[in-house]
Amino acid sequence: MTTLIEGEDRYFVRRMREADLPAVRAIETVSFSNPWSDNTFRGEIQNISISSPMVVVRKPGNPLAPDGACAGGRVVADGEVVAYIVYWQIRDDVQINNVAVHPDHRGLGLGEAMMRYAIAKVRAAGASFVTLEVRQSNTAAVTLYKKLGFEILGTRKNYYTKPDEDAHVMGLVLDQ
């Protein structure tokens, strides 16, 4: 277990487990119009040679807010999976496949922290280039990726469905 944000002890990151799938699937369903299936996530968990499915978990015993409730007034259960990232590393190339934060936990910096965590991990493992696709209309994600140093490399026409939309292909060259 690794603390996700320096100086912040409420959240940690660890490898996704099969027991996490109900929570991961719930986040996936509220985050994407064409969500991944449990079998897709299960395949990522099992593909230990290249896949890194990671979850962000709220540590037990630390309230999210002073009254123990998050923005929506919902009490957060100890040990709850609140976000995840799935990426592949094949030698020095990395593909970020899926990133999501539960809506009740957005705006806390978890998405950025997950991305920084993944980038640091793959850099330490010798990666030199990271790519991802993002809906062109997802301005919050595009803005975050640009903040992290990603650049738009091109477009994948009709990459997304429900609704049909082009994707930006974004890339980041890692300094070693």
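Here, residue 1 is the first one in the sequence, and each next residue gets the next number. For the numbers below, each heavy atom of this structure counts, side chains included, while hydrogens, waters and symmetry mates do not.
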Please report the closest heavy-atom contact between [X] and [Y], naming both atoms and the distance.
X    : Y    : answer
A83  : I27  : N-CD1, 3.8 Å
Y87  : A118 : CE2-CB, 3.6 Å
K162 : R135 : O-NH2, 3.8 Å
V30  : P103 : CG2-CD, 3.5 Å
A23  : V81  : CB-CB, 3.8 Å
Q89  : G126 : NE2-C, 4.3 Å

Notebook entry, point to check: Can D166 and N158 be said to form a side chain to side chain contact (heavy atoms under 4.5 Å, CB included), step by step?
Noted result: CA-CA 5 Å; D166 297 344; N158 297 315; 4.0 Å; yes
Would a 4.5 Å heavy-atom cut-off, applied to side chains only, mark [X] and [Y] as touching?
X    : Y    : result
R106 : S31  : yes
V13  : M114 : no
M115 : F150 : yes
I45  : R17  : no
N98  : E28  : yes

Note to self: Going by the rule ring-ring contact (aromatic ring centres under 6.0 Å, His included), which residues pair with F41 if we only count those two or more places apart in sequence or in a different chain?
What the structure shows: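 With sequence neighbours excluded, F41 shows a ring-ring contact (aromatic ring centres under 6.0 Å, His included) to W36, Y84, given in chain and number order.
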Mind checking the [atom1]-[atom2] spacing from [X] to [Y]? Nearest 0.5 Å is all I need.
X    : Y    : atom1 : atom2 : result
D164 : N34  : CG    : CG    : 10.0 Å
I119 : L174 : CD1   : CG    : 7.0 Å
D93  : T131 : CG    : OG1   : 7.0 Å

Next item on the list: Test side chain to side chain contact (heavy atoms under 4.5 Å, CB included) on S137 and E165 and set out the steps.
Entry: CA-CA 8 Å; S137 64; E165 187 174 349; 2.8 Å; yes
Notebook entry, point to check: Okay, side chain of R123, backbone of D175: is any donor-acceptor separation there less than 3.5 Å?
Noted result: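 Here the side-chain-to-backbone pair exists.
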Margin query: Using side chain to side chain contact (heavy atoms under 4.5 Å, CB included), reason through I48 and R15 one step at a time and then give a plain yes or no.
Written below: CA-CA 10 Å; I48 59 173; R15 187 165 177 90; 3.4 Å; yes
Hphob cluster co-occupancy, [X] + [Y], side-chain heavy atoms under 4.5 angstrom:
X    : Y    : result
M54  : L148 : yes
V101 : V142 : yes
F32  : V24  : yes
Y117 : V99  : yes
M170 : L144 : yes

Margin query: Under the side chain to side chain donor-acceptor pair (under 3.5 Å) definition, can you give me all pairs with a residue in residues 138-149, not counting sequence neighbours?
Written below: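 Checked against side chain to side chain donor-acceptor pair (under 3.5 Å) - neighbours excluded - the pairs reaching residues 138-149 are E112-K147.
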[X] and [Y]: side-chain donor and acceptor closer than 3.5 Å?
X    : Y   : value
E44  : N97 : no
D38  : T40 : no
E133 : Q95 : yes

Next item on the list: Among Ile, Leu, Val, Met, Phe, Trp and Tyr joined by side-chain contacts under 4.5 Å, find the other residues sharing a cluster with Y160 and list them by chain and number.
Entry: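 Answer for Y160: Y159.
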Next item on the list: Determine, step by step, whether D104 and E80 satisfy the side chain to side chain contact (heavy atoms under 4.5 Å, CB included) criterion, reporting the C-alpha distance in whole Å, the side-chain angles of both residues, the deciding distance to 0.1 Å, and the verdict.
Entry: CA-CA 12 Å; D104 288 346; E80 181 181 6; over 6 Å; no
